[in-house]
Amino acid sequence: MCNLLSCSLHQLAINTKLQVGKMAEKKDNNNNTSFTSAMAVSQMSIRNIPRRYILPLPHRPTLITDRKQQHCSSTRASLPVIDLSSLDDPLLRSRLVDQVFLACKEFGFFQVTNHGIPVSFTKDALDVAKEFFDLPNETKIRIASTDIHEPVRYGTSLNHIKDKVQYWRDFIKHYSHPISTWIDSWPSDPPTYKKKMGNHTKAINDLLKKLMQLIFESLGLKPNYLQKEIERGSQITAVNYYPSCPEPSLALGLPPHTDYGLLTILLQNQEGLQIKDKTGNWHSVPVIKEGLVVQLGDHMEVLSNGRYRGVVHRAVLNSEKNRISIANIQSLSMDEKVGPALELVDEEYPVLYEEASFADFLKFVSENDILERRYIDTLRKGKIH
């Protein structure tokens with residue numbers, strides 16, 4: 001038994017070294033950085049995941065309480081789905097605003113259907129994302145970076161240099177708005193990446209603006225609230241690849257967190273996203289045909305002065321299927337501060353949050369472990385309703 005285990009560990013070490021050896025090193029801030037991607041580890045056909053991916057017991061996704069929650073979350077009707085086909089009908093808009101209000105108040109989350117984005121755009125985006133992650137390691141590693149300020153970067157986990165536990169995820173992130181400013185810096189390989197991902201992100205940006213208007217109306221604000229600021233704001237596209245994992249009960253693709261921005265729209269090809277409700281239960285988010293996931297972020301919580309909350313979510317893994325998700329995160333421009341809307345400050349809701357910008361968030365995550373301290377917690381000034 002011991003000899004067999006020793007041989008297995010020895011072979012794993014050899015395989016890992018071979019994979020690392022294939023990696024081209026990248027000069028990043030005068031430091032050589034290279035890593036073994038989650039995809040490369042998955043392709044080793046190992047039965048047990050490396051120790052660096054194993055979460056401490058309390059943070060694993062399949063504790064007894066989670067299994068009970070999974071059973072409860074199988075009733076998918078409890079998660080809101082909003083049909084946007086009546087978006088441009090003034091007679092039906094008020095009903096749509098009411099649905100958005102209830103979803104934002106209860107979950108900080110909803111899915112949308114009939115959103116107007118062509119199926120060909122979403123399919124092409126998922127297809128070209130897969131093509132990117134299927135590229136040779138030496139091609140992808142050319143744009144690898146651990147610098148969160150880089151406008152285009154490929155990486156693994158959250159930050160594989162700083163993470164105490166690695167997460168079973170590879171990613172490419174890039175700025176996407178205005179697209180004319182950033183698209184030339186996107187990957188040229190695969191050759192159709194810019195066109196296909198560009199079509200998707202432009203369509204998503206249009207949808208983001210429409211959804212923002214609905215959410216502002218649901219808060220009692222004018223639909224064109226912050227219109228100019230949003231127009232010149234920031235959009236980041238995060239394309240995530242979660243390979244099949246031999247021990248999904250021991251690891252996560254992403255830990256529980258909230259997004260920093262105003263709003264996130266996510267496209268996923270497989271189940272794996274889970275959201276946490278107010279009672280602490282986790283719910284698996286189903287993949288709805290031609291549907292998109294909408295999540296409120298920290299800045300929307302600040303702007304609403306606590307009336308809405310950013311949704312806590314995580315990415316769980318699958319032992320058989322690979323998963324791709326494409327998240328587009330909308331915020332104001334880098335240095336533009338977001339504070340509680342004056343119209344939402346009164347005796348019942350005094351100012352409950354400090355102002356903050358995208359730049360403030362980047363500074364925070366560069367200096368803190370987001371698993372130990374959440375960004376939104378540093379902005380809260382008082383008791384939240």
Between Phe216 and Ile230, does a side-chain contact (heavy atoms from CB on, under 4.5 Å) hold up when you go through it step by step?
-> CA-CA 12 Å; Phe216 289 154; Ile230 290 170; 3.7 Å; yes
Chi angles and distances behind the side-chain hydrogen bond (donor to acceptor under 3.5 Å, both in side chains) call for Ser145, Asp147 | CA-CA 5 Å; Ser145 177; Asp147 182 356; 5.2 Å; no
Apply side-chain hydrogen bond (donor to acceptor under 3.5 Å, both in side chains) to the pair Ser325 and Asn240, showing each step before the final yes or no.
-> CA-CA 5 Å; Ser325 72; Asn240 304 299; 3.1 Å; yes
Check step by step if side-chain contact (heavy atoms from CB on, under 4.5 Å) holds for Val41 and Arg52.
-> CA-CA 12 Å; Val41 177; Arg52 65 182 180 273; 3.7 Å; yes
Pair Lys209-Glu231, salt bridge (Lys or Arg N to Asp or Glu O under 4.0 Å): steps then yes or no = CA-CA 8 Å; Lys209 294 172 188 174; Glu231 187 60 47; 3.0 Å; yes
So Ile376 and Val302, side-chain contact (heavy atoms from CB on, under 4.5 Å) or not? Walk me through it.
-> CA-CA 8 Å; Ile376 188 65; Val302 171; 3.8 Å; yes
Starting from the C-alpha separation in whole Å, work towards a yes-or-no answer on side-chain hydrogen bond (donor to acceptor under 3.5 Å, both in side chains) for Gln295 and Asp259.
-> CA-CA 8 Å; Gln295 300 172 167; Asp259 294 336; 3.3 Å; yes
Does the pair Ser157 and Asp163 meet the rule for a side-chain hydrogen bond (donor to acceptor under 3.5 Å, both in side chains), with working shown?
-> CA-CA 8 Å; Ser157 190; Asp163 294 340; 2.6 Å; yes
Applying side-chain contact (heavy atoms from CB on, under 4.5 Å), run through Leu317 and Arg323 and close with a yes or a no.
-> CA-CA 8 Å; Leu317 304 167; Arg323 176 174 174 256; over 6 Å; no
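Using a 4.5 Å heavy-atom cutoff, the side chains of Glu271 and Pro286 are in contact. Taking the side chain as every heavy atom from C-beta outward, Lys276 and Pro256 never approach each other to under 4.5 Å. Inter-residue side-chain proximity for Phe35 and Ile141 is flagged as met; some heavy-atom pair is nearer than 4.5 Å. Counting heavy atoms from C-beta on, the side chains of Ile82 and Leu96 come closer than 4.5 Å. Residues Arg60 and Glu247 are not in side-chain contact: their nearest non-hydrogen atoms beyond the backbone lie 4.5 Å or more apart. Counting only heavy atoms from C-beta outward, the side chains of Leu214 and Leu87 approach each other to under 4.5 Å. Between Arg93 and Gln213, the closest side-chain pair of non-hydrogen atoms falls below 4.5 Å. Contact check for Val312 versus Arg374: side-chain heavy atoms found under the 4.5 Å cut-off.
Each of Leu79, Val293, Val287 was scored for a side chain to side chain contact (heavy atoms under 4.5 Å, CB included) with Gln111, with one residue passing: Val293. Among Ile236, Ile329, Ile204, Thr237, the one residue that satisfies the side chain to side chain contact (heavy atoms under 4.5 Å, CB included) test with Ser176 is Thr237. Applying the salt bridge (charged side-chain N to carboxylate O under 4.0 Å, His left out) test between Glu301 and each of Arg307, Arg380, Lys105 identifies Arg380 as the sole match. Partner of Ser37 under the side chain to side chain contact (heavy atoms under 4.5 Å, CB included) criterion, out of Tyr154, Phe133, Tyr241: Tyr154 alone.
Cluster annotation: Leu362 is connected to Tyr375 through the hydrophobic network of ILVMFWY side chains, with a link wherever side-chain heavy atoms come within less than 4.5 Å. No continuous path of ILVMFWY side-chain contacts below 4.5 Å connects Leu126 to Phe171, so the two sit in separate hydrophobic clusters. Leu102 and Val100 fall within the same hydrophobic cluster, where Ile, Leu, Val, Met, Phe, Trp and Tyr residues are linked whenever their side-chain heavy atoms come under 4.5 Å apart, directly or through other members.
Interatomic distance, Asp360 CG to Glu354 CD, rounded to the nearest 0.5 Å: 10.5 Å. Distance CG/Leu262 to CE/Met300: 5.0 Å, rounded to 0.5 Å. With rounding to the nearest 0.5 Å, the separation of NE2 in His299 from CG in Leu263 is 13.0 Å. Rounded to the nearest 0.5 Å, atoms CG (Leu342) and CG (Asn305) are 10.0 Å apart. In this structure, CD1 in Ile326 is found 12.5 Å from CD1 in Ile265, a value given to the nearest 0.5 Å. Between the SG atom in Cys245 and the CZ atom in Arg169 there is a gap of 15.0 Å [rounded to 0.5 Å].
The minimum heavy-atom distance between Ala251 and Pro61, with the atom names listed, is O-CG, 3.6 Å. When every heavy atom of Gln268 is checked against every heavy atom of Val285, the shortest pair comes out as NE2-O, 3.5 Å. Residues His257 and Pro255 share a closest heavy-atom pair of ND1-O, 2.7 Å. Residues Gly310 and Thr258 come closest through the heavy atom pair O-CG2, 3.7 Å. For Pro190 against Leu135, the heavy-atom pair with the smallest separation is CD-CD1, 3.9 Å.
Other residues, nucleotides and ligands contribute only 12 or fewer heavy atoms inside 6.0 Å of the CZ atom of Arg95. The number of heavy atoms from other shown groups lying within 6.0 Å of NZ (Lys278) is above 12. For Lys337, the NZ atom counts as densely surrounded, since its 6.0 Å shell holds more than 12 non-hydrogen atoms of other residues, nucleotides or ligands. Open room surrounds CD on Glu320; 12 or fewer heavy atoms of other groups in view lie less than 6.0 Å from it. Around NZ of Lys140, the count of heavy atoms belonging to other residues, nucleotides or ligands within 6.0 Å exceeds 12. In the displayed structure, Lys194 atom NZ is contacted under 6.0 Å by more than 12 heavy atoms of other residues, nucleotides or ligands.
With hydrogens and angles ignored, the 3.5 Å screen pairs no side-chain donor or acceptor of Trp168 with any backbone N or O of Ala38. Under the 3.5 Å distance criterion, the side-chain polar atoms of Ser42 are left unmatched by any main-chain donor or acceptor of Met39. Judged purely by atom type and a 3.5 angstrom limit, His313 uses its side chain to pair as donor or acceptor with the backbone of Val311. At distances below 3.5 Å, not a single donor-acceptor pair connects side-chain atoms of Asn224 with backbone N or O atoms of Gln227. Panel note: side chain Ser234, backbone Met334; no donor-acceptor pair is recorded below 3.5 Å.
Side-chain contact, Asp83 with Ser85: a donor N or O sits under 3.5 Å from an acceptor N or O.
Within the structure, ring pair (Phe, Tyr, Trp, His ring centres under 6.0 Å) pairs that include any residue of residues 186-209 comprise His174-Trp186, His174-Tyr193 (at least two apart or interchain). Screening residues 88-131 for ring pair (Phe, Tyr, Trp, His ring centres under 6.0 Å), with sequence neighbours left out, gives no hits.
With respect to Asp377 and Arg373, no salt bridge is recorded, no charged nitrogen being found less than 4.0 Å from a carboxylate O.
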